[in-house]
Structure formats: structure tokens, C-alpha cells
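See below for the structure under consideration.
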Number of protein chains: 2
Amino acid sequence: MSQAGDDIMTRKKRARVTLEQVANHAGVSRATASLVVRGSPHISKETREKVLNSMKELGYIYDRVAANLRSQRSSTVGLIITEIGNPFFSELLVGVHEALDKEGYTVILGTTFDSPSKQDALLSTMLEYRVGGVIMSPVPGCSVDMVERLKQWEIPVVLVAREMPSGEQFDYIGIDNVAGGRLVTEHLIQQGHRRIAFLGGFSGSSAWRDRKKGYCQAFHQAGLEIDESLIIEAPATRQGGINAIKQALQHPNPPTAAFGYNDIVAFGVMLGLKEAGMIPGRDFAVVGFDNIQESSMFNPPLTTVSAFPQLIGTYAADILHQRMNGDAGEAKRLILQPELVVRESSLLHSDHQF
Amino acid sequence: MSQAGDDIMTRKKRARVTLEQVANHAGVSRATASLVVRGSPHISKETREKVLNSMKELGYIYDRVAANLRSQRSSTVGLIITEIGNPFFSELLVGVHEALDKEGYTVILGTTFDSPSKQDALLSTMLEYRVGGVIMSPVPGCSVDMVERLKQWEIPVVLVAREMPSGEQFDYIGIDNVAGGRLVTEHLIQQGHRRIAFLGGFSGSSAWRDRKKGYCQAFHQAGLEIDESLIIEAPATRQGGINAIKQALQHPNPPTAAFGYNDIVAFGVMLGLKEAGMIPGRDFAVVGFDNIQESSMFNPPLTTVSAFPQLIGTYAADILHQRMNGDAGEAKRLILQPELVVRESSLLHSDHQF
DNA sequence: AGTATTTGTTAGATCGATCTAAAAAAAGTA
DNA sequence: TACTTTTTTTAGATCGATCTAACAAATACT
């Protein structure tokens with residue numbers, strides 16, 4: 001259970017100035033001082049100033065921990081993402097953070113690294129800390145049970161970027177991954193490619209399945225066959241991309257283009273191509289997904305799909321804020337439409353043949 | 001002062017299961033149940049199991065808020081950085097986060113965007129939340145006053161990446177920016193460059209001043225003159241880099257190489273060069289600072305200096321952990337030695353003349 | 001002036017845990 | 001069996017704020 005080990009704790013020596021001391025100093029009651037702190041309108045100008053002066057004089061520090069305990073409220077919000085190393089999530093974090101900050105919330109951060117047990121542990125911690133709400137990107141194969149526990153305690157939950165099986169009851173902000181996958185694949189087909197690998201990511205994540213769905217749709221629509229052996233799962237990391245493209249190039253009938261699960265994978269794919277002596281954007285087309293800031297600066301600049309992570313974060317924060325203020329309406333679904341950004345990595349010179 | 005506006009709060013409806021209820025259910029006292037939760041050794045096996053069962057049965061959730069209030073301890077750590085958008089800091093965040101996570105701390109995140117008032121507000125918030133310690137990268141020109149307030153409350157503070165005027169009393173983990181600036185500049189001088197611009201960043205930050213110091217040292221050591229008009233301050237962003245290089249190119253006697261304050265600026269510089277019709281790495285040498293992951297993947301790959309942000313984060317977390325466990329020794333200073341990483345952006349073809 | 005209303009203030013209980021110091025139970029010893 | 005000593009359990013105060021409901025004081029209304 002919740003072992004509060006002593007080793008990880010710190011003891012404070014200097015005693016805190018309490019509201020009671022402020023009240024005494026100002027010659028009013030504790031309750032009055034409390035009202036002043038909270039900016040109540042039922043306080044006369046003079047008392048307010050008396051109290052504010054005493055606060056300043058004594059160096060008073062508001063104790064949110066005590067206040068939250070008594071009031072059964074919380075101005076803390078939990079944010080659970082898979083990893084901060086991925087710019088998609090760090091940009092999402094920026095969006096969430098800025099929006100919540102503006103409203104006066106404090107953010108508690110957690111990263112799951114796609115481990116369900118870590119996610120459960122994080123959710124527990126957040127419950128223990130009495131967070132007022134949670135924004136999370138669920139791990140693949142995440143069971144709804146744990147998250148429902150939050151619902152039980154009437155802690156609003158907003159899902160971002162990834163869906164959860166039977167998670168219809170939760171607000172969700174994401175991008176239309178099917179459309180995104182289709183955009184990418186249609187683009188590559190239009191460029192004349194017929195053998196297009198889909199590299200990286202794992203089928204456990206809803207985003208992966210949707211992007212693949214879009215990939216398949218584009219193939220079908222063009223009347224082309226899908227070669228399942230060109231769909232290679234791998235960690236959604238640079239190294240995963242390197243490995244995946246290497247494996248794909250071993251194929252007796254290798255692909256001429258690759259759709260990376262996300263930009264990071266696509267970077268890996270391009271690095272792998274370079275290692276194999278090929279020049280991405282000339283000998284081989286590569287497309288990514290997310291349009292993180294770096295993708296415009298890669299060599300060559302990466303064709304990709306904008307997934308608007310920061311915007312997703314902002315919306316998620318806004319919705320959570322509404323929920324925390326009592327909005328109990330139906331679960332909202334906000335699906336942003338992706339936009340294809342064509343750059344050099346997918347525009348092979350016309351003198352190439354396939 | 002600390003207005004706890006009602007609008008930002010959430011009310012929970014379903015009552016929490018308290019330790020008292022658990023105790024009643026298990027037929028023991030509240031105190032005993034508390035000891036069980038905390039894993040005290042003075043509890044007999046049977047009572048422990050009785051209580052644990054009751055906890056499970058009732059769906060008990062440990063209330064850290066209440067516990068922290070009474071025990072005057074805290075397992076929360078504040079992390080204050082300037083921005084998450086900068087990969088240097090997001091990598092630092094990864095280091096801090098992983099290390100603290102392992103020890104069971106929870107991280108409260110704050111970003112200052114280099115605004116002193118925002119930093120003060122954040123420090124206040126953290127005090128209000130009773131954090132047990134703070135890791136921070138101080139804003140340029142940060143006064144020691146506010147941070148000293150934390151010291152007063154015996155809340156340990158570890159500074160990272162940037163120093164603070166008269167901040168000798170605080171632990172500091174950073175990199176030898178002087179050495180880094182020298183490495184970069186020596187490298188460029190060795191490549192035959194004589195007119196080297198120093199672009200981006202502001203002189204308010206200690207990192208800027210140190211890097212510039214190294215830059216000057218290298219010049220002096222080589223017996224060369226410094227042209228102050230080639231030192232251009234600008235925001236440490238991509239756009240700042242673009243603007244700075246454009247300005248530098250206007251110079252009647254323009255530079256042949258640029259030292260970007262950090263990799264992001266260097267990226268901007270390279271983009272600006274491209275816009276001006278020049279090819280970085282062929283017509284103009286560019287070097288950055290930090291060696292963020294993307295710099296190896298840029299076009300061309302960026303010569304830079306490794307600043308080991310993740311490692312800095314890890315060390316900072318470790319030291320903070322020690323401090324929170326009572327280590328009251330002298331302020332520690334841990335200065336990592338930077339390493340030059342030479343890539344194509346600074347290796348001009350030999351047929352070029354200056 | 002006398003009552004009703006509004007405005008400002010407050011005492012005392014409370015949030016859910018931990019602490020202290022002391023009591024009860026169990027084990028060890030003579 | 002009686003008396004320590006050790007182990008286990010507990011009652012009651014406490015952390016620092018907010019809540020409730022009631023009480024003064026000031027203002028408004030016949």
C-alpha cells in the first residue's frame with residue numbers, strides 16, 4: 001500500500017507562521033484572517049489592511065496543504081504522459097502547462113514509459129495527493145479499471161493523444177490518426193511509390209492502429225495490395241527506426257518509401273538509410289508523423305503530418321478546467337484534423353525509377 | 001498575497017475512506033492503523049494483516065495531504081526551469097525526474113520563461129505547497145533574496161545550469177561554460193577562421209558571460225583581436241538565431257563563422273544562412289552549444305559541445321535527495337567538463353579562402 | 001424610536017492523518 | 001507466583017487552515 005517511508009522525507013525546523021499568529025498580531029480572529037487571505041468581499045477595508053500588514057510583517061506563507069485538507073478542494077492537476085524525451089509530449093506538456101498555469105493550477109508530472117504498472121502507481125500517487133483532475137495519455141493496453149477509480153472520486157480525467165478501450169466515458173482530445181495515416185500514404189502513392197513500409201510503434205497503441213488503418217485505406221482506395229511483411233513494429237524511438245529500416249531493406253523486394261510511426265522513428269529511418277549508404281529524400285522517400293519542431297530542420301527536411309501537440313495540450317487543459325469547475329456534461333471528444341506538410345524527404349528526383 | 005480563488009477549485013462529492021474507518025473496520029485504533037500504513041516494525045503480523053485487509057476491502061486511499069500537514073514533512077520536490085521547449089531543459093528534466101521518481105518523490109514543475117516575477121511566484125507557490133526541496137535554474141539577474149527565503153525555512157535548494165550572483169551558499173551543478181566557449185572558439189580558429197561571431201543569448205545569464213569569456217580567452221591566446229560588433233545578443237531561440245546571423249551578415253566585414261549561444265540558436269543561424277543563400281558547413285562555419293539530440297541530425301550535422309543536461313539533472317536530484325535526508329555539509333559545486341563534438345557544420349571544404 | 005435588514009466578525013467544530021506519552025499485553029527472569 | 005523487561009496498542013492533542021452558524025454592529029425602513 002502507501003508506505004510513506006521515512007527516508008524520503010524532510011523535516012522542517014523553523015516553525016511556520018500560522019494564520020492564528022497573523023490574526024493575533026492584527027487583533028482579529030482566525031476566521032477573519034482566513035477570509036482576508038481568500039479575498040472575501042465581506043471584509044471591511046480597514047481590517048483587510050490590518051491583516052495584510054501583519055501578514056507582511058510576520059512573513060506569513062499560505063499553507064495550501066492545510067487549506068486543501070480542510071476545504072476538500074484541490075488546485076493541483078496531475079499530468080501523466082509516456083515520456084518527456086519525445087518532443088511530441090514535451091510540446092503537449094508546454095500547452096497543458098501554460099494553460100493551467102494561467103488559471104492558477106499547479107502541475108504534478110508523471111511519466112509512465114508505457115508501463116501499465118507505472119501508470120497505476122502514478123494514478124495512486126495522484127489520488128494520494130488529492131489532485132483535482134488528471135490529464136493523461138494512457139499506456140497501450142491500459143485497462144479502464146484504474147482510471148475509473150478516479151471517476152469514482154469525482155476526479156475529472158481528460159485523455160489526450162491516445163484512446164483507451166471502452167474509454168468513451170472520458171473526455172478525449174486527439175488527432176484523427178486515420179486521416180493522418182491516409183494523408184501520408186496517399187502522398188507517397190501519388191509520388192509513384194508502390195512498396196511503402198510502415199515502420200515503428202506497437203500495435204498496442206490506438207494511435208498505431210489508427211495510423212495503420214489510414215495506411216490501409218489509402219492502399220485500398222488506390223486499388224493496391226498491402227504487403228504485411230512491410231509493416232514492422234519497433235520501439236517508437238530513433239533506434240527503433242534504425243532497426244526497422246534495416247530489417248525492411250533486407251526484404252527480397254524492398255520498399256522504396258517508408259512511413260514512420262512518428263517523426264522520431266522517421267529520423268531513425270533516415271539515419272539507418274544513411275548508414276546503409278542511401279540518401280533519404282533522393283534514394284528513398286521517408287515520411288513521419290507529428291511535425292515536431294525538429295522535423296523542418298532535419299537533413300533532409302522531413303515530410304510529415306502536423307499533430308498539433310501543443311494545441312491538444314491547451315484544449316485538454318481548458319476542458320479539465322471546465323470539469324473542475326463543475327461542468328458535468330457528456331464526455332467530449334475533440335478530434336483535430338491533421339495537415340500534411342510536404343518537405344524534401346519525400347520528394348525524390350524525377351530521374352529515379354521504381 | 002495568496003488568493004485561493006474559488007473558481008479554480010474542485011469539490012469532491014464521494015467521501016474519502018479515512019484511516020479511522022479502516023481502524024474501526026479492523027477493530028483497532030486509529031494510531032495502530034497509522035503505524036501499519038507507515039510500515040512500522042512495532043506491529044504484530046496479525047494486526048498488520050487485519051488492517052491491510054480492511055484497507056483493501058474499504059478501498060482506502062492514503063491521504064498524503066493530511067499526513068504531510070501533521071508530520072511537517074514533505075515528499076514533494078519543486079523543479080523550476082526556464083522553459084520546457086528547449087531540449088536542453090527537457091533533457092535535464094528527464095534526468096531529475098527519473099532520479100527523484102526512483103526515490104519516491106513527486107515533482108511539481110514550474111517554468112519561468114526567464115521572468116523574475118514568474119520565478120518569485122513559482123517559489124512562493126512551492127513554499128505554499130510545502131515542497132521538501134527545490135531544483136532550479138535561476139533566471140538571469142535573479143536576486144538572491146527570494147531564494148534565501150527557502151533557505152530560511154530549511155528547504156534545500158540545488159541550482160542547475162546557471163549560477164546566481166552571490167549564490168555560493170547553494171549547491172550548484174553545471175558545466176564549465178568558460179572551457180566550453182574556449183573549446184568551440186579554439187576549434188574555429190584552428191579551422192582558419194579569424195572573424196567569428198558570437199550570436200544569441202543575453203549577457204544577463206551567467207552561462208552567456210562564461211561562454212563569452214571562453215570565446216575571448218581563445219582569441220587572446222591566439223593573439224587575435226576581438227571585434228565586439230560581432231557579439232550580438234538575441235533571444236536564445238531559433239528566431240533569435242535567424243535574426244542575429246542576418247544582422248551579422250550586414251557587417252561591412254562579415255564573419256566567416258559563428259558560435260551560437262546554444263544549439264537552438266545555431267539551428268536558427270543555419271536557417272538564416274540558408275535563407276540568405278549560403279550553405280552552412282560549406283560557405284560558413286557554425287558551432288553550437290549543448291549537444292542536444294537533434295544536433296547530430298541537422299542538415300548539416302552541428303558541431304557543438306556536450307553539456308550533459310540529463311546527467312546534470314541526475315546529479316542535482318541525487319544531491320537534493322541527500323540534503324533532504326539531513327546532509328547539512330558545505331555547499332557543493334559540481335562542474336562537468338564539456339566535450340567538443342566536431343561535425344560537418346564547422347568543417348568547410350579546403351578550397352575555401354578567407 | 002423600534003424593528004428589519006444588511007454587513008462584518010467570530011467561536012468552535014472539523015478535514016485526515018501523525019505525534020507523544022502512557023497503558024496493556026506478552027515474554028523473560030528470579 | 002511476582003516482578004521486570006520488552007513488545008504492541010492506544011487515547012488525546014495536534015498540524016494549519018476552512019466551515020458553519022450564530023452574533024454584533026451598522027444601515028435602512030416604517
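Proteins come first, then strands; the chains are lettered A, B, ... in the order of their sequence lines, and each starts at number 1. This structure is a prediction, so every number in the text was calculated from the model and none was measured. All values below come from the heavy atoms of this structure, side chains included, with hydrogens, waters and symmetry mates left out.
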Nearest to side-chain heavy atoms of [X], which nucleotide of [options]:
X	options	value
A:Ala66	D:dA17, D:dT10, C:dG16	D:dA17
A:Gln72	C:dG16, D:dT18, C:dA17	C:dG16
A:Ala31	C:dT9, C:dA17, C:dT10	C:dT10
B:Thr47	C:dT10, D:dG16, D:dT8	D:dT8
A:Tyr62	D:dT18, D:dG16, D:dT10	D:dT18
A:Arg130	D:dT9, D:dA13, C:dG16	C:dG16
A:Thr18	D:dG16, D:dC19, C:dT18	D:dG16
A:Asp63	D:dC19, D:dA17, C:dC19	D:dA17

Any [X] side-chain nitrogen or oxygen under 4.0 Å from OP1 or OP2 of [N]:
X	N	result
B:Tyr60	C:dA17	yes
B:Thr32	D:dT10	yes
A:Arg73	D:dC19	yes
A:Ser44	C:dT9	yes

Please report, rounded to the nearest Å, how far the [atom2] atom of [N] is from the [atom1] atom of [X].
X	N	atom1	atom2	result
B:Glu46	D:dT7	CD	P	16 Å
B:Ile61	C:dG16	CD1	P	12 Å
B:Leu35	C:dC19	CG	P	9 Å
A:Arg16	D:dT14	CZ	C1'	16 Å
B:Arg38	C:dA17	CZ	P	11 Å
B:Leu69	C:dT14	CG	C1'	12 Å
B:Arg70	D:dG16	CZ	P	9 Å
B:His42	C:dT18	NE2	P	15 Å

Sub-3.5 Å donor-acceptor pair from the side chain of [X] to the main-chain atoms of [Y], do we have one?
X	Y	value
B:His97	A:Ile84	no
B:Lys50	B:Val28	no
B:Arg64	A:Glu128	no
A:Arg323	A:Gly329	yes

[X] to [Y] - nearest heavy-atom pair and separation:
X	Y	answer
B:Asp120	B:Met146	OD1-CG, 3.3 Å
B:Val160	B:Tyr172	C-CE1, 4.2 Å
A:Ile319	A:Ile173	CD1-CD1, 3.3 Å

Side-chain contact, heavy-atom cut-off 4.5 Å: A:Arg149 with A:Ser124?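 Sidechains of A:Ser124 and A:Arg149: in contact.
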Would you indicate what B:Ile43 reaches in the nucleic acid, counting non-hydrogen atoms under 4.0 angstrom: base, sugar-phosphate, or nothing?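 Sugar-phosphate only.
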Categorize B:Ala67 for me: base, sugar-phosphate, or nothing, with a 4.0 angstrom heavy-atom threshold over every strand shown.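 Since only primed, P, OP1 and OP2 atoms lie under 4.0 Å of B:Ala67, the category is sugar-phosphate.
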Axis bend over the full length of the helix from C:dA1-D:dT30 to C:dA30-D:dT1, computed from five pairs that close each end, to 10 degrees: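 About 40°, once rounded to a multiple of 10°.
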Per-nucleotide protein contact string for nucleotides 21-26 of chain C (B base, S sugar-phosphate only, - none; heavy atom under 4.0 Å): ------
Which residues pass the salt bridge (Lys or Arg N to Asp or Glu O under 4.0 Å) test with [X], sequence neighbours left out?
X	value
B:Lys118	A:Asp101
A:Lys332	A:Asp327
B:Glu20	B:Arg30

Reported OG-to-CE distance for the pair A:Ser137 and A:Met164, which is rounded to 0.5 angstrom: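 So the OG of A:Ser137 and the CE of A:Met164 are separated by 11.0 Å.
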In Å and rounded to the nearest 0.5 Å, what is the CD to OG1 distance from A:Gln119 to A:Thr112?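 Reported to 0.5 Å precision, the distance equals 6.0 Å.
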At a heavy-atom distance below 4.0 Å, what parts of residues 19-29 of chain B sit against DNA chain D?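 Going residue by residue through residues 19-29 of chain B, the ones with a heavy atom under 4.0 Å of DNA chain D turn out to be B:Val28, B:Ser29.
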Starting at the 5' end of DNA chain C, which residue's closest nucleotide do you reach first, B:Arg30 or A:Arg30?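 Its nearest nucleotide being more 5', the pick is A:Arg30.
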